[in-house]
Amino acid sequence: MKTPKNGCITAVDGAGFFCDYVRKTILSDPVFGKTSEERQKLWNLGGLTVKTTLSPRAQAAANEAAIAKVNKDDPVAASVVQVQPGTGKILSMGQSRPYGLDPKKNETTLNLSVSNRMGGSTYGFQVGSTFKPITAAAALEKGISPAQTYTTPWKIELEKSSFRTCKGTPTGYDKWQLQNEMEEEAGTWDMTGALGKSINTYFALLEQQTGLCETIQMAKKLGYERGDGKPIEENASITLGGEVSTPLSMASAYATFANRGLYCTPIAIESIKTANGDKLNVPQTKCSRAMSDRTADTVNQMLKGVVEDGTGQKAGLSDRDNAGKTGTTNDRKDAWFVGYTPNLSTAVWVGDDVGEKQSMFRITIGGEYYDKVCGGCLPGPIWKIAMTGALDAGQTRPSPRLRAAGREPQGQGEGGGRGPEQAGEAEEAP
């Protein structure tokens with residue numbers, strides 16, 4: 001006789017991770033009680049009716065996408081999280097490993113999309129070149145033109161003392177050596193071309209001109225944060241993705257571009273009623289302007305180039321306006337694709353989720369052999385599956401600027417009770 005299951009184990013379409021995130025929200029957010037004891041008492045009493053932001057359609061798509069290219073017993077895992085621009089609503093959380101407590105079945109309760117405090121990994125993951133649009137936004141806000149060009153060889157060496165922290169101190173006094181993925185990536189680039197081809201040398205020089213502090217301040221406005229909750233480390237390599245974050249943080253940051261510069265904090269709960277029918281206060285999204293709409297429009301146009309003829313061609317959606325960015329750390333331990341339409345922002349991460357992180361060279365994932373994993377060749381196709389499944393094929397096509405107008409309502413679900421400094425992009429040309 002089997003013991004009846006309850007709690008998040010019973011969630012369908014791989015929604016156990018989302019369910020657990022809702023549970024942790026109730027147990028950790030002061031809106032549900034000033035102390036942890038009060039919040040735990042509320043949860044233990046039971047009888048709560050929780051209306052969440054979960055979209056069944058998006059959740060099914062995210063789960064399908066996560067397992068389509070990565071098997072549950074592979075040496076690496078995939079995470080897919082989706083956020084609605086303009087509302088902050090988390091619509092889905094999918095993973096390639098099923099939610100559960102039996103490691104022999106490759107089950108896990110580790111939520112790879114979120115921070116450690118909310119059940120995620122210890123630090124988060126290095127984001128690779130998915131950070132470069134943040135540097136571009138900071139530069140545009142400072143008045144630097146997208147036509148700004150730099151001429152560089154394949155490798156360059158910069159003085160760390162030329163990058164200043166927000167306190168005005170140098171980040172160091174030795175040299176910062178960096179390079180592009182391929183030797184032929186030498187020449188003159190403007191911001192659009194450098195973003196499309198993910199040119200490391202360009203973005204190091206752009207950050208140098210913009211200012212490290214200005215770049216970090218833009219990241220904070222976009223809700224970018226480390227998975228361990230510690231302050232962002234003020235190193236110049238942040239522009240190449242040397243700092244760690246979470247898929248939820250990245251999906252929310254890119255949702256800001258889709259929403260023309262207005263950032264909204266992510267939320268998972270719409271409403272809660274007690275067993276007596278009393279309504280409880282729930283966390284509300286807080287929206288703030290991270291950049292001008294003109295800056296966001298410019299970033300949108302540049303990121304459209306990534307999926308049209310840049311490193312993200314395999315991810316591009318042919319039937320609607322979309323934009324995004326690939327990201328791969330230089331040791332291939334983390335691979336990303338983050339992208340959006342006006343209605344939906346999705347972040348996909350692939351990497352080692354247990355023990356010592358391995359590099360993804362000469363590896364078989366989902367039954368397919370990869371000489372070296374890159375953001376465009378694995379997370380990109382996963383992103384495309386998730387977006388295609390979540391979006392309504394009959395919705396009105398958005399305008400070329402990816403304006404967040406005409407947003408389609410989403411369905412809701414019901415539920416109850418550090419990285420090394422030199423990390424950077426290792427993306428291949430398409």
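Computed over heavy atoms, backbone and side chain alike; hydrogens, waters and symmetry mates excluded. Numbers here are sequence positions counted from 1.
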Between Gly242 and Gln126, what is the shortest heavy-atom contact and its length? O-NE2, 3.3 Å

So which atom in Leu317 and which in Asn322 form the shortest heavy-atom distance, rounded to 0.1 Å? O-ND2, 2.9 Å

With [X] via salt bridge (charged side-chain N to carboxylate O under 4.0 Å, His left out) - residues at least two apart:
X	answer
Asp293	Arg260
Glu159	Lys175
Lys69	none
Asp174	Lys160

What residues, two or more places apart in sequence or in another chain, satisfy side-chain hydrogen bond (donor to acceptor under 3.5 Å, both in side chains) together with [X]?
X	answer
Thr239	Thr135
Gln40	Asn44
Ser113	Ser79
Thr201	Thr152, Asn180

With a 4.0 Å cut-off on N to O distance, would you call [X] and [Y] a salt bridge?
X	Y	answer
Arg294	Asp297	no
Lys304	Asp321	yes
Arg164	Glu234	no
Lys357	Asp334	yes

Testing Asn106, Asp353, Asp73 for side chain to side chain donor-acceptor pair (under 3.5 Å) with Arg97, which one passes? Asp353

How far does [atom1] of [X] sit from [atom2] of [Y], to the nearest 0.5 angstrom?
X	Y	atom1	atom2	answer
Leu91	Thr346	CG	OG1	8.5 Å
Leu280	Phe32	CG	CZ	7.0 Å
Leu27	Arg39	CG	CZ	8.0 Å
Leu110	Ser121	CG	OG	6.5 Å
Gln301	Leu195	CD	CG	12.5 Å
Ser359	Asp331	OG	CG	5.0 Å

Counting only heavy atoms from other residues, nucleotides and ligands, does the tally under 6.0 Å from OH of Tyr173 exceed 12? no

Quick check on Lys333: does its NZ atom have over 12 non-hydrogen neighbours (other residues, nucleotides or ligands) under 6.0 Å away? yes

Sort out for me which residue in Ile90, Thr53, Val81, Thr87 forms a side-chain contact (heavy atoms from CB on, under 4.5 Å) with Pro266. Ile90

Just one of Asn200, Leu240, Thr328 clears the side-chain contact (heavy atoms from CB on, under 4.5 Å) bar with Ser129, so which one? Asn200

Answer yes or no: is there a side-chain heavy-atom contact under 4.5 Å between Gln84 and Leu344? no

Looking only at atom types and distance, does a side-chain atom of [X] sit under 3.5 Å from a main-chain N or O of [Y], one as donor and one as acceptor?
X	Y	answer
Asp74	Val76	no
Gln59	Met93	yes
Asn259	Gly261	no
Tyr202	Met191	yes
Thr311	Lys197	no
Thr326	Gly375	no
Thr169	Thr165	no
Arg226	Glu243	no
Thr256	Ala253	yes

Do [X] and [Y] pair up side chain to side chain, a donor and an acceptor below 3.5 Å, judged on atom types alone?
X	Y	value
Thr295	Glu141	yes
Thr210	Glu207	no
Ser198	Lys132	yes
Tyr150	Asp190	no
Ser249	Glu225	no

Taken in chain and number order and not counting sequence neighbours, the residues that satisfy side chain to side chain contact (heavy atoms under 4.5 Å, CB included) with Ser271 are Lys51

Disulfide (SG to SG under 2.5 Å) pairs touching residues 152-185, sequence neighbours excluded, are Cys166-Cys213

Pairs involving residues 64-93, ordered by first then second residue, that meet disulfide (SG to SG under 2.5 Å) (sequence neighbours left out): none

side-chain hydrogen bond (donor to acceptor under 3.5 Å, both in side chains) between Gln208 and Ser162: does it pass, once the steps are laid out? CA-CA 7 Å; Gln208 187 181 54; Ser162 65; 2.8 Å; yes

Give me each pair satisfying salt bridge (Lys or Arg N to Asp or Glu O under 4.0 Å) with a member in residues 208-221, each pair once, sequence neighbours excluded. Lys142-Glu214

Determine the interplanar angle of the Tyr254 and Phe257 rings, folded into 0 to 90°, and report it as parallel if under 30°, tilted if 30 to 60°, perpendicular if over 60°. perpendicular

With under 30° as parallel and over 60° as perpendicular, where do the rings of Trp349 and Trp336 fit, or are they tilted in between? perpendicular

Examine Phe203 together with Phe131 and report whether their ring centres are nearer than 6.0 Å. no

Take Leu303 and Tyr340 through the test side-chain contact (heavy atoms from CB on, under 4.5 Å) and record every step on the way to the result. CA-CA 10 Å; Leu303 290 182; Tyr340 54 93; 3.5 Å; yes

Step by step, work out the salt bridge (Lys or Arg N to Asp or Glu O under 4.0 Å) result for Glu181 and Lys372. CA-CA 12 Å; Glu181 167 66 10; Lys372 49 185 177 180; 3.4 Å; yes

For a side-chain contact (heavy atoms from CB on, under 4.5 Å) check, start with the C-alpha distance between Ile216 and Leu212, then their side-chain angles and the critical distance, and finish with the verdict. CA-CA 6 Å; Ile216 291 174; Leu212 173 59; 3.8 Å; yes

